[in-house]
Amino acid sequence: MPELPEVHGYQQYINKTCLHHTIVEMDVRDDRLIKKPLKEFKEVLLGEQWTSTERIGKYLFIHVSTGKIVVVHFGMTGRPNYYHESIERPRFGHIEITFDNGYKIAFENKRKFGWWDITDSVETYRKEHKLNRDARELTFEQFLDVAAHRKTAIKNVLMDQSVTTGVGNWIADDVLYQARIHPLKKANTLTRTELKTIYDKLQHVIEVAIDLEAQYKKFPEYFLIHNRKGRDYCYHTGDELEKIKVGGRTTYVSPEWQKL
DNA sequence: AACGATGTTCAGAG
DNA sequence: ACTCTGAACATCGT
């Protein structure tokens with residue numbers, strides 16, 4: 001599930017549950033989910049506390065009382081689950097932290113595309129991994145700087161984490177649907193007005209999704225996301241939606257509504 | 001039971 | 001040096 005709005009929600013959840021408790025254990029079922037040895041994670045975490053969090057796009061940074069920072073990425077299927085130790089460990093809770101209050105945080109990851117890492121500096125990490133500032137904080141001028149000259153399909157540009165950090169497949173589709181721009185249009189052929197519309201819709205989609213806590217069923221009717229699960233016609237034209245591939249990802253388009 | 005999936009990364013081409 | 005494409009990654013649900 002996790003694109004920017006979901007990860008924002010996960011951040012709030014972790015802030016409410018996990019901060020300022022002493023960590024007494026860490027368990028990892030599959031080493032492929034951690035980018036540093038478990039020994040190193042334990043050195044950083046055991047006996048310490050999580051003190052605060054930051055988020056850039058889909059990346060969550062957890063500050064540790066040691067001064068180190070745990071980087072969490074949820075992949076395609078990750079989510080946190082805070083529960084009491086008397087409850088059975090979740091089936092997909094492949095990484096788990098135990099606190100001294102008897103609660104655990106499970107990092108559930110069904111498809112194992114998520115991971116944890118350790119870093120010293122959010123800013124250094126951001127640059128090394130070519131992340132732009134979070135899509136929510138990006139100004140229109142900054143968006144133009146990184147997007148307007150790109151020669152590839154606008155959808156690819158929106159999904160590029162060095163452009164609009166935090167945007168994933170469904171947000172990109174919804175933004176372009178609401179902006180009435182065909183996802184295959186080359187970014188450098190779009191007018192400033194069209195790019196402004198895309199920028200405005202991007203902010204709108206993110207804010208609505210965050211307000212509604214990323215619960216898709218509650219999204220307004222005009223959101224394309226309803227077409228990913230069930231609805232198969234365009235809300236505006238009534239036409240059947242096309243399912244195409246853009247940048248290797250499944251993409252929904254309303255042909256009359258978003259002309260190429 | 002083959003295919004697709006809300007993610008990133010990386011090799012290779014241009 | 002930069003940009004773009006496509007495949008690989010793991011594995012579950014349909």
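Every chain is numbered from 1 and lettered A, B, ... according to where its sequence line falls, protein lines coming before strand lines.
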Is A/Gly248 touching bases, backbone alone, or none of the nucleic acid, heavy atoms closer than 4.0 Å? nothing
Taking the inter-plane angle between the rings of A/Phe219 and A/His226 on a 0 to 90° scale, is it parallel (under 30°), tilted (30 to 60°) or perpendicular (over 60°)? perpendicular
Looking only at atom P, what distance separates C/dA10 and B/dA1, rounded to whole Å? 23 Å
Using 30° and 60° as the class limits, which term best fits the ring planes of A/Tyr59 and A/His129: parallel, tilted or perpendicular? tilted
Compare side-chain N and O positions of A/His73 against OP1 and OP2 of B/dT8 and report whether any pair is under 4.0 Å apart. yes
Tell me whether the OP1 or OP2 atom of B/dA5 has a side-chain N or O from A/Arg249 closer than 4.0 Å. no
Residue pair A/Asn81 / A/Lys104, side-chain donor-acceptor N/O under 3.5 Å: no
Would you mind reading off the distance between A/Tyr59 atom OH and B/dG7 atom P, rounded to a whole angstrom? 11 Å
Between A/Gly247 and A/His149, name the one whose nearest nucleotide on DNA chain C is closer to the 5' end. A/His149
Check whether any side-chain N or O of A/Thr152 sits under 4.0 Å from OP1 or OP2 of C/dT5, and answer yes or no. yes
Taking only the P atom of each, what is the distance from B/dT6 to C/dC4 in whole angstrom? 23 Å
Interatomic distance where CG belongs to A/Leu4 and P belongs to B/dG7 [whole Å]: 11 Å
OP1, OP2 of B/dT9 versus side-chain N and O of A/His129: anything below 4.0 Å? yes
Starting at NZ of A/Lys243 and ending at C1' of B/dT6, how long is that distance when rounded to a whole Å? 14 Å
Tell me: CH2 of A/Trp170 to C1' of B/dG7, nearest whole Å? 15 Å
Verdict with supporting geometry, A/Trp50 and A/Phe99, ring-ring contact (aromatic ring centres under 6.0 Å, His included): CA-CA 10 Å; A/Trp50 288 349; A/Phe99 298 103; 5.8 Å; yes
Could you walk me through whether A/Glu54 and A/His63 satisfy the side-chain hydrogen bond (donor to acceptor under 3.5 Å, both in side chains) test, starting with their C-alpha distance in whole Å, then the side-chain angles of each, then the deciding distance to 0.1 Å, before giving a yes or no? CA-CA 8 Å; A/Glu54 289 180 67; A/His63 290 271; 2.6 Å; yes
For the atom pair CG (A/Leu138) and CZ (A/Arg136), what is the distance rounded to the nearest 0.5 Å? 13.0 Å
Rounded to whole Å, please give me the gap between CE in A/Met159 and P in B/dG7. 6 Å
Name the nucleic acid region contacted by A/Phe92, choosing base, sugar-phosphate or nothing; use a 4.0 angstrom heavy-atom cut-off, strictly under. sugar-phosphate
May I have the distance from A/His94 (atom NE2) to C/dT11 (atom P), rounded to whole angstrom? 8 Å
Counting just side-chain N and O atoms, does A/Asn156 come under 4.0 Å of either OP1 or OP2 of C/dT5? yes
Using a 4.0 Å heavy-atom cut-off, does A/Arg228 contact any base of the nucleic acid, only the sugar-phosphate backbone, or nothing at all? sugar-phosphate
Could you tell me the separation between the CG atom of A/Leu184 and the P atom of C/dT5, rounded to a whole number of Å? 10 Å
Output the rounded distance in Å from NZ (A/Lys151) to P (C/dT3). 8 Å
Is any side-chain N or O of A/Lys245 closer than 4.0 Å to OP1 or OP2 of B/dA5? yes
Is the distance from OP1 or OP2 of C/dT11 to the nearest side-chain N or O of A/Arg32 less than 4.0 Å? yes
Would you call the rings of A/Tyr13 and A/Tyr82 parallel, tilted or perpendicular, taking 30° and 60° as the class edges? perpendicular
Residues of residues 106-113 of chain A with any non-hydrogen atom less than 4.0 angstrom from an atom of DNA chain C: list those, numerically ordered, please. A/Lys110, A/Arg111, A/Lys112, A/Phe113
Would you say A/Thr250 reaches B/dA5's phosphate, i.e. side-chain N/O to OP1/OP2 under 4.0 Å? yes
For the residue pair A/Glu3 and A/Asn169, what are the closest heavy atoms and their distance? OE2-N, 3.2 Å
For B/dT6, what is the paired nucleotide under Watson-Crick or G-U wobble rules, both distances under 3.5 Å? none
